[in-house]
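Please read the structure below before turning to the comments.
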Amino acid sequence: MLTQPLLKPAVSGFAEDVRVGLTKSGQREILSKYLYDEVGSALFEAICLLPEYGLTRADTRLLQQHADEMVARMPLPAHVAELGSGSGKKTRWILEALARRQHTFYYPIEFSPAALAACEKELGQIDLVHIVGFEKPYLEGLQAVVNRREGNERVCVLFLGSTIGNFDRPAADDFLRQVRSILEPGDSLLLGTDLEKSVAVQLLAYDDPAGVTAAFNLNVLARVNRELDANFDLKQFAHEARWNTEDRRIEMHLRSLRRQRVNIPGAGLQIGLEPGETIWTESSHKYSPMEPIEMASRTGFRCEAQWIDQEWPFAQNLWIVE
Ligand code: AVI
């Protein structure tokens with residue numbers, strides 16, 4: 001079906017990304033980072049509580065059970081920089097373990113001011129931990145943290161929750177190389193990676209019966225309506241989670257339930273969608289236990305240790321910069 005740009009010029013990064021993503025030949029897409037406006041971030045917090053989505057509980061359990069050992073294996077003293085802290089709940093275990101050994105500066109790096117505020121509220125009371133939030137893109141924020149180090153101070157980067165899985169594999173390597181290039185030998189990275197499990201379990205985690213993940217996914221269209229004056233009719237789209245066997249990832253899509261046209265004036269765009277056509281909104285890659293160890297050596301780190309949850313296959317990987 002025809003896709004035709006209208007006259008109104010694109011006005012923001014969001015508008016431009018929506019325009020580019022929705023006019024792609026082949027598969028249309030909206031970048032997954034746009035799932036996380038205020039509503040989307042609240043829905044994601046709800047996803048983390050779902051019985052079918054074991055990822056966050058596994059991530060938290062490993063930190064709770066092994067934080068002292070993790071900290072014992074990190075070069076110290078260290079500043080802590082967290083890429084995408086969210087509400088910061090699970091970070092408490094690491095910060096408390098660190099506070100038993102050193103005064104700690106904790107720098108959550110977040111796009112969302114609401115998440116930064118929640119994180120400061122959640123973690124602000126821990127003795128010997130000082131919080132300084134950065135509302136910046138990850139790499140820019142990390143550079144700002146590194147610039148603050150003095151003398152023999154190290155930097156420990158936290159990248160939890162398998163957010164790395166939302167990057168395609170080559171893009172993940174690229175991103176980790178960029179993180180490495182900002183760091184110095186002796187700095188560390190604690191990386192959370194969700195491991196492969198049965199397809200049925202994985203699909204249920206991204207298509208829960210209560211429909212919370214569906215609401216999270218559909219909200220991106222509601223966001224385009226709110227921010228770019230579009231007229232997506234959400235009832236005419238269905239949430240879909242797919243397992244992509246070749247790339248070993250769950251994909252979230254929004255499937256058009258009929259032939260329809262949508263106007264997106266804020267992006268200077270009108271699109272036509274066919275019945276069954278989808279907009280791809282997110283990928284969540286799943287890993288073998290060996291994969292993060294190999295990723296470490298490909299990207300300039302050495303995997304110092306790995307902890308795997310017994311209930312929900314998930315790995316925390318402690319990497320040290322070579
Ligand atoms: C943030 N990220 C690691 C989540 C994931 O599992 O890929 C986002 C999410 N999407 C749907 N459910 C959760």
Side-chain angles (χ1 to χ4, degrees), residues 29-60 62-63 82-91 108-112 114-115 118-119 137-138 158-169 171-172 175-176 190-197 199 201-223 237-244 247-255 278-287 291-292 295 309 312-317:
E29 66 176 329
I30 298 178
L31 299 177
S32 64
K33 65 181 178 181
Y34 294 117
L35 292 165
Y36 300 90
D37 66 347
E38 215 173 324
V39 177
S41 299
L43 287 166
F44 177 62
E45 290 290 318
I47 287 173
C48 295
L49 302 173
L50 292 170
E52 295 81 11
Y53 190 77
L55 189 157
T56 308
R57 281 182 297 283
D59 192 19
T60 310
L62 288 169
L63 295 170
E82 180 162 17
L83 310 182
S85 59
S87 69
K89 280 194 188 101
K90 59 198 169 196
T91 313
I109 302 166
E110 259 296 340
F111 291 110
S112 148
C119 176
Y138 292 158
L158 306 180
F159 198 28
L160 304 174
S162 203
T163 302
I164 192 67
N166 298 134
F167 293 72
D168 285 355
R169 283 184 164 78
F175 177 75
L176 292 164
L190 186 62
L191 181 73
T193 47
D194 199 25
L195 303 180
E196 242 180 282
K197 40 197 82 60
V199 172
V201 168
Q202 291 179 150
L203 285 174
L204 209 54
Y206 291 85
D207 194 4
D208 61 281
V212 182
T213 311
F216 170 68
N217 195 11
L218 284 160
N219 175 61
V220 81
L221 299 184
R223 178 177 184 179
F237 289 86
H239 164 70
E240 190 174 299
R242 298 180 192 164
W243 174 247
N244 178 326
D247 295 316
R248 289 180 298 128
R249 66 188 184 205
I250 292 281
E251 292 175 7
M252 286 203 318
H253 291 254
L254 291 161
R255 174 174 295 280
T278 71
I279 301 171
W280 183 10
T281 51
E282 188 184 59
S283 299
S284 298
H285 293 78
K286 305 301 168 187
Y287 302 94
E291 232 177 321
M295 278 157 83
D309 189 65
W312 177 276
F314 184 99
Q316 298 290 8
N317 309 278

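Numbering of ligands and ligand atoms starts at 1, following listing order. This one's a predicted model, so the numbers in the text were calculated from it and none came from an experiment.
Here atom 4 (C) of ligand 1 lies nearest to Y53 when heavy atoms of Y53, F216, Y206 are compared.
Taking Y287 as the reference, nothing meets the ring-ring contact (aromatic ring centres under 6.0 Å, His included) condition, with sequence neighbours excluded. The side chain to side chain contact (heavy atoms under 4.5 Å, CB included) check on N244 picks up E246, D247, R249, E251, with sequence neighbours excluded.
Residue S283 places no N or O, backbone or side chain, under 3.5 Å from any N or O of ligand 1. Of the N or O atoms in N166, one or more lie within a sub-3.5 Å distance of an N or O in ligand 1.
Classified by interplanar angle (parallel below 30°, tilted 30° to 60°, perpendicular above 60°), the ring pair F111/Y138 is tilted.
Neither the backbone nor the side chain of D194 comes within 4.0 Å of ligand 1, counting heavy atoms alone.
Residue-ligand proximity, G161 to ligand 1, at heavy-atom distances under 4.0 Å covers atoms 3 (C). For ligand 1, the atoms sitting less than 4.0 Å from at least one non-hydrogen atom of Y36 are 1 (C), 8 (C), numbered in the order shown with element in parentheses. Shown in contact with S284 at under 4.0 Å from a heavy atom are these atoms of ligand 1, numbered in order with element: 5 (C), 6 (O), 7 (O). For ligand 1 and S162, the ligand atoms under 4.0 Å from any heavy atom of the residue are 3 (C).
D59 and W312 are not linked by any side-chain donor-acceptor pair at a separation below 3.5 angstrom, with hydrogens and angles left out of the test. Between the side chains of T193 and N317, at least one donor N or O lies within less than 3.5 Å of an accepting N or O. Looking only at atom types and distance, the side chain of T91 has a donor-acceptor partner in the side chain of E82 under 3.5 Å away.
Contact record, C119 with S85: SG-OG, 3.8 Å, taken as the closest heavy-atom pair.
Looking from atom 9 (C) of ligand 1 to the surrounding protein, the closest heavy atom is E282 OE1, 3.5 Å.
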